[in-house]
Amino acid sequence: MFPGEDCWYFSREEIENNSPSRGDGIDLKEETRLRKSYCFFLKDLGLRFKFHQDTITTAMVFCHRFFLRQSHAKNDARTIAIICMLISAKILQKKVIAAEQRQEVYEQYKELILSGEKLVLSTLNFDLNVDLPYEPLFQAMKKYILDESTQAQFPSVAFSFVQDSFWTTLCLQYKPRHIAAGAFFLAAKHIKMDVRSNRERWCQEFDIMPHQLNDIGVQMGELYHHKKKPIPTTSKGSIGETSSSGDVVKQPVSDIEGGSSSVADCSVQDKSRPEGVEKDIREAGDNQEDSCVREPAAETNDD
């Protein structure tokens with residue numbers, strides 16, 4: 001078990017060096033690509049099903065937490081993403097996918113998803129509490145963004161930075177208010193507000209240290225630079241938003257400092273699904289009883 005309030009927060013080094021995927025031959029670069037792939041898939045899935053942004057974001061957090069403790073080599077990312085989205089929708093929207101949509105996604109993968117849901121929930125230790133950065137960001141905007149012209153630009157840019165942050169592992173490193181702080185500062189800098197003279201009181205508002213703020217900025221910069229992802233604009237929505245329409249395998253339990261896995265490693269594999277697509281982006285700044293999860297009999301083709 002991972003007891004305590006800070007059970008899902010680790011340093012970047014712990015996340016990158018102790019990943020279960022590393023023992024299966026998946027390096028950091030490939031794991032980063034896979035992470036962005038399932039985030040893109042969840043974004044697209046959420047848009048198609050008209051889910052709230054917090055439902056999509058919570059599903060991303062569940063996926064990040066799952067792959068913190070399970071290997072990408074032994075679990076199909078898209079199948080895990082679908083399961084995480086179903087769990088998120090049931091929690092936050094108090095409903096499951098509508099009948100016609102379930103026909104498209106759920107029925108075809110019913111056995112796989114039901115078995116996989118057990119694995120996901122066990123891996124997460126049935127801890128489905130996810131706090132998001134939107135509320136502390138909103139409260140800070142009400143307090144400090146008072147100028148009319150700034151109010152017209154700031155919110156969409158800041159919220160876009162928050163949404164983009166979930167394409168990284170920042171949600172496994174920093175508390176929601178810290179991610180909100182990073183988005184707030186980045187948005188202020190982007191629209192050329194006076195960051196220098198406001199820095200101290202803004203840091204106090206979010207209870208964040210300057211070195212934490214700088215680290216968040218660096219990691220967001222890597223997101224935009226490495227894959228040439230565009231920075232948020234003042235248009236509504238997240239950057240680059242697109243509205244287009246297994247066998248059980250034992251693996252060594254990998255401990256991440258600050259907590260150890262209590263789930264015996266299993267895997268969810270759906271070999272009928274191809275690798276997830278990537279998002280093109282422009283430059284800018286431990287013990288559970290074994291269960292067998294099998295792929296569906298019928299193959300499907302992605303749109």
Side-chain angles (χ1 to χ4, degrees), residues 1-24 26 31 34-35 38-39 42 54-94 96 112-133 166 168-179 246-269 286-293:
M1 294 290 289
F2 285 94
E5 181 185 352
D6 300 330
C7 60
W8 290 112
Y9 297 112
F10 306 95
S11 71
R12 185 179 186 180
E13 290 73 23
E14 287 172 323
I15 293 168
E16 293 179 353
N17 297 334
N18 296 321
S19 168
S21 298
R22 217 63 78 244
D24 290 321
I26 296 178
E31 185 170 33
L34 290 168
R35 183 181 301 117
Y38 67 65
C39 285
L42 283 167
D54 56 354
T55 301
I56 300 169
T57 302
T58 298
M60 289 182 182
V61 176
F62 287 157
C63 273
H64 291 328
R65 290 179 177 180
F66 178 87
F67 286 111
L68 181 71
R69 303 178 63 191
Q70 299 284 354
S71 173
H72 277 280
K74 296 165 183 174
N75 296 278
D76 178 69
R78 283 197 169 193
T79 305
I80 297 301
I82 290 171
I83 293 166
C84 289
M85 185 68 89
L86 287 169
I87 294 171
S88 180
K90 284 190 282 187
I91 293 170
L92 297 177
Q93 302 198 196
K94 310 300 184 204
V96 294
L112 183 70
I113 289 174
L114 289 177
S115 299
E117 186 175 56
K118 179 181 178 181
L119 173 62
V120 170
L121 291 172
S122 297
T123 299
L124 299 180
N125 285 326
F126 296 88
D127 179 4
L128 304 180
N129 295 312
V130 175
D131 293 322
L132 299 175
F166 287 97
T168 72
T169 61
L170 283 169
C171 65
L172 302 177
Q173 301 173 54
Y174 291 101
K175 295 184 177 181
R177 68 174 184 273
H178 296 151
I179 295 175
D247 295 329
V248 173
V249 181
K250 293 290 184 182
Q251 66 182 38
V253 176
S254 175
D255 287 351
I256 294 183
E257 221 172 295
S260 61
S261 174
S262 61
V263 180
D265 293 311
C266 302
S267 68
V268 177
Q269 287 287 357
D286 137 68
N287 209 358
Q288 81 178 20
E289 46 178 273
D290 292 345
S291 58
C292 190
V293 182

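As the structure is a prediction and not an experimental result, all values here were calculated from the model.
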Notebook entry, point to check: Quick one: are I83 and F66 in side-chain contact, heavy atoms under 4.5 Å?
Noted result: no

Next item on the list: Given side-chain contact (heavy atoms from CB on, under 4.5 Å), test K175 with D131 step by step and report yes or no.
Entry: CA-CA 8 Å; K175 295 184 177 181; D131 293 322; over 6 Å; no

Notebook entry, point to check: How far does CG of L124 sit from SG of C84, to the nearest 0.5 angstrom?
Noted result: 6.5 Å

Check: So, do V61 and W8 sit near enough that their side-chain heavy atoms are less than 4.5 Å apart?
Finding: no

Next item on the list: First locate atom CD1 of I87, then atom OG1 of T55, and finally report the distance between them rounded to the nearest 0.5 Å.
Entry: 13.0 Å

Check: What is the distance from atom CD of E16 to atom OG of S11, rounded to the nearest 0.5 Å?
Finding: 9.0 Å

Note to self: Which residues pass the side-chain hydrogen bond (donor to acceptor under 3.5 Å, both in side chains) test with T168, not counting sequence neighbours?
What the structure shows: none

Next item on the list: Measure the shortest side-chain to side-chain distance between L68 and F10 over non-hydrogen atoms and say whether it is less than 4.5 angstrom.
Entry: yes

Notebook entry, point to check: Of all heavy-atom pairs between R65 and N129, which one has the smallest distance, and what is that distance?
Noted result: NH1-O, 3.2 Å

Item checked: Spacing of NE2 belonging to H178 relative to SG belonging to C171, to within rounding of 0.5 Å -> 14.5 Å

Checklist line | Closest heavy-atom pair and its distance - L42, M85 | finding: O-CE, 3.3 Å

Notebook entry, point to check: Can you tell me how far the CD1 atom of I91 sits from the CG atom of L86, to the nearest 0.5 Å?
Noted result: 11.0 Å

Notebook entry, point to check: Going from CD1 on I80 to CZ on F62, what distance comes out if it is rounded to the nearest 0.5 angstrom?
Noted result: 13.0 Å

Note to self: Show the nearest heavy-atom pair for residues P133 and I179, with the distance to one decimal.
What the structure shows: CG-CG2, 3.9 Å

Check: What are the two closest non-hydrogen atoms of E31 and S21, and how far apart are they?
Finding: OE2-OG, 3.6 Å

Next item on the list: Just jot down the side-chain hydrogen bond (donor to acceptor under 3.5 Å, both in side chains) partners of T58, sequence neighbours excluded, or say none.
Entry: none

Next item on the list: Taking the side chain as every heavy atom from C-beta outward, state whether R12 and L170 have any pair of such atoms under 4.5 Å apart.
Entry: no

Note to self: Is there a side-chain contact between F67 and L172 in this structure, where contact means two heavy atoms from C-beta onward sitting under 4.5 Å apart?
What the structure shows: no

Check: Side chains of L121 and L128: does their closest heavy-atom pair fall under 4.5 Å?
Finding: yes

Checklist line | Partner set under ring-ring contact (aromatic ring centres under 6.0 Å, His included) for H64, not counting sequence neighbours | finding: Y38

